[in-house]
There are 2 protein chains.
Amino acid sequence: MTTMKEIAEKTGVSVSTVSLVLNDRDEGRVKSGIADQVRAMAEKLGYKPNPLARSLRTSKTRILGFISEEVATTPYAGGIILGAQAAASQLGYMLITVNTDGEDSEDEEITALKRYGADGFLYAKMSNRYTDVPESLTSTPLVLVDATDSRGRFPSVEPDEVHIAYDATTRLIEAGCQRIAYIGCSEPMLAQDRRLEGYRTALEDAGRGYDERLVRNVLNNGPALQAVSDLFDEQRPDGFFCFNDARAWYVYECAARRGLTIGKDISVIGVDNHRVLAETLEPQLTTVELPHFEMGYWSVRKLVSMIEKRDLDDIATPETTAPLPPLDSPIPAMIRCTLIEKGPVAQRA
Amino acid sequence: MTTMKEIAEKTGVSVSTVSLVLNDRDEGRVKSGIADQVRAMAEKLGYKPNPLARSLRTSKTRILGFISEEVATTPYAGGIILGAQAAASQLGYMLITVNTDGEDSEDEEITALKRYGADGFLYAKMSNRYTDVPESLTSTPLVLVDATDSRGRFPSVEPDEVHIAYDATTRLIEAGCQRIAYIGCSEPMLAQDRRLEGYRTALEDAGRGYDERLVRNVLNNGPALQAVSDLFDEQRPDGFFCFNDARAWYVYECAARRGLTIGKDISVIGVDNHRVLAETLEPQLTTVELPHFEMGYWSVRKLVSMIEKRDLDDIATPETTAPLPPLDSPIPAMIRCTLIEKGPVAQRA
DNA sequence: GTGAAAGCGCTAACAA
DNA sequence: TTGTTAGCGCTTTCAC
């Protein structure tokens with residue numbers, strides 16, 4: 001690894017000059033001829049700054065910590081991490097992903113990261129809910145991802161849950177569905193509340209009544225299948241909006257048992273949390289893809305703008321291959337989601 | 001953050017002495033009274049070494065890089081990462097997880113990690129196959145996880161694929177299945193070859209013939225469902241061993257369409273790569289759980305033993321909550337897998 | 001046994 | 001406009 005010292009020697013200047021030039025702080029301080037020489041030499045020797053040494057001096061590491069409980073158990077976090085990494089590498093940061101399977105290891109991992117000098121943290125949950133931020137995180141720049149600080153102290157970047165449900169429900173209405181059910185989540189959760197709201201609003205905007213008999217909020221377990229089964233028998237819905245993969249699968253399963261064809265007899269739109277829909281039921285159902293990538297991407301930009309105390313609107317995207325959101329938009333807190341029509345949605349008279 | 005300097009001042013000794021003591025290199029070099037004082041003061045001030053400063057001096061960072069393409073897209077990597085993190089934190093290392101969605105970003109991320117001074121790398125694939133190690137990784141200690149170096153230069157830690165298939169097939173035989181099918185993978189892959197071998201050996205050990213008409217190697221796509229469907233009609237198998245989730249789902253689907261009950265008419269054992277089985281089909285199928293956690297765990301130990309050029313048999317597990325493999329065992333290259341009987345396996349006469 | 005001193009690679013006052 | 005100096009927190013000879 002070449003050092004500034006080597007460059008200085010080979011160019012016949014001092015290290016400080018090299019430092020100045022290579023950090024682009026040479027404007028009006030170093031003669032441009034010299035500066036060019038230095039840059040050329042750095043290029044020639046393939047100089048790369050040693051981030052450790054720099055950090056030791058500046059006490060800024062350009063390291064970002066990504067904390068999540070779910071990296072390990074769902075592919076859900078995947079897109080978020082990809083997006084976060086894209087933004088981080090774009091901005092010259094390194095993203096360190098840490099998963100804290102339990103409460104115990106959490107603080108431990110966080111302090112480890114802090115000792116390594118992380119400049120800031122992302123704290124990601126797996127489904128939008130009010131969240132208590134661990135105490136150890138409150139003293140550093142922090143952005144919540146797919147979560148909302150229960151005490152309102154920290155900014156967050158989340159999917160636009162109301163719109164998810166509104167769009168899905170509207171799609172079902174437009175397809176001609178008459179009795180549209182919502183299979184929700186019975187745990188208290190922001191995402192659930194807002195999706196129910198979007199579902200309801202869509203119905204009302206279309207001049208339909210909201211009928212709570214068509215709403216079943218269930219858990220991810222045995223009784224859930226029964227509840228959905230009952231819904232089929234009692235209400236005979238012809239359209240379903242489902243909170244997530246598992247719930248969409250219950251509908252799929254119930255339909256199969258009754259000989260109902262999806263796309264003909266009933267239409268199903270599900271939110272694809274765990275990629276189960278994408279991976280197995282793909283041809284059968286229409287899915288809403290959560291904006292994982294975008295959430296990761298924008299939360300990193302938000303975090304970095306907090307750390308560097310400036311807007312990032314000037315930072316363009318030079319050589320990234322990943323699909324990036326338009327960079328001229330300001331950093332959003334809510335992100336619209338994409339409805340993906342992979343499977344058939346029945347068109348009725 | 002307290003520094004050694006502070007401890008030195010408050011104790012009235014020099015930094016070098018403090019360094020000696022706090023690194024346990026004081027035996028016979030520092031009077032034990034002094035040493036105790038230093039330790040007490042360090043404890044009192046809550047001293048934590050600054051890893052950056054240390055690394056700058058020693059050019060060892062105790063950072064491990066975990067490179068994978070699939071962290072982002074499957075939950076498969078999750079267990080591996082958990083295991084790797086458990087081992088790393090046990091051994092005083094920090095694990096940096098990096099996913100390289102495409103070929104392009106891979107080298108970039110690796111060099112970034114190298115500049116941060118990673119002491120070694122884990123290179124993980126998503127299913128056991130011969131793998132070309134990226135050139136940029138060949139100059140640092142490296143362990144492959146769930147993959148085999150195509151040029152045989154680097155050690156790897158993998159599931160015992162033959163046994164997976166042998167055990168699953170044997171289980172089906174013991175349950176009384178007469179016509180046991182294997183739904184495999186048509187891509188060339190170590191895991192596929194070895195599982196086919198295990199399937200075959202189990203049949204032969206049981207005095208059964210191997211009938212290649214009962215084997216269907218398919219891809220993860222549309223025609224696959226048709227192929228499995230044909231298998232049902234042509235061969236009427238009553239037992240299935242499936243390469244992974246998606247393939248198990250094809251069987252599940254075909255059975256459902258024919259009104260066959262799993263656990264009564266047919267038995268299905270699938271390898272749970274993507275947690276789809278665990279999350280949606282859990283009550284229906286018997287799954288083989290790949291030893292993700294263990295793979296991560298043991299590969300880190302292997303890597304660290306390479307880095308530190310010593311055995312790790314003396315390192316015990318003090319305060320980890322995660323389930324750890326027994327620590328007295330030597331580092332294994334192949335890891336046995338667990339067959340999980342979640343669903344019914346038909347018992348026939 | 002202990003401490004002084006040098007240095008890892010870099011940045012930033014301050015001098016010149 | 002450039003170089004000198006000091007120092008980030010730590011480890012490691014080498015004198016004493």
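Using a 4.0 Å cut-off between charged side-chain N and carboxylate O, A:Glu308 and A:Arg62 make a salt bridge.
You'll find that the side chain of A:Arg57 is closest to D:dA6, out of D:dA6, C:dG1, D:dG9. In the set D:dG9, D:dC10, C:dC10, D:dG9 carries the atom at the smallest distance from any side-chain atom of A:Leu56. Comparing D:dG3, D:dT2, C:dT11 by their closest approach to the side chain of A:Lys31 singles out D:dT2. In this structure, of D:dC10, D:dT12, C:dT2, it is D:dC10 that holds the atom nearest to the side chain of B:Tyr47. With C:dG9, C:dT2, C:dC10 as the candidates, the nucleotide lying closest to the side chain of B:Thr17 is C:dT2.
With hydrogens and angles ignored, a donor-acceptor pair closer than 3.5 Å exists between the side chain of A:Ser16 and the base of D:dT4.
OP1 or OP2 of D:dT2 has not a single side-chain nitrogen or oxygen of A:Ser14 nearer than 4.0 Å. In this structure, A:Arg29 does not reach the D:dT1 phosphate: none of its side-chain N or O atoms is under 4.0 Å from OP1 or OP2. Residue A:Asn50 has no polar side-chain atom (N or O) positioned under 4.0 Å from OP1 or OP2 of C:dC8.
Remark: P of C:dA13 and CZ of A:Arg25 are 9 Å apart, rounded to the nearest angstrom. Counting to the nearest Å, the P atom of C:dC10 and the CE atom of A:Met1 are 11 Å from each other.
Side-chain polar atoms of A:Ser89 and B:Glu109 form no donor-acceptor pair below 3.5 angstrom. Residues B:Ser139 and B:Lys114 bring a donor and an acceptor atom of their side chains to less than 3.5 Å of each other. Looking only at atom types and distance, the side chain of A:Ser16 has no donor-acceptor partner in the side chain of A:Ser19 under 3.5 Å away. When only modelled atom types and interatomic distance are considered, A:Tyr47 and A:Glu6 share no side-chain donor-acceptor pair under 3.5 Å.
B:Thr3 comes within 4.0 angstrom of the backbone, heavy atoms only, and of no base. Within the nucleic acid shown, A:Thr58 comes within 4.0 Å of sugar-phosphate atoms alone, with no base atom in reach, counting heavy atoms only.
With DNA chain D read from its 5' end, the first of the two nearest nucleotides for B:Leu20 and A:Ala35 is the one closest to A:Ala35.
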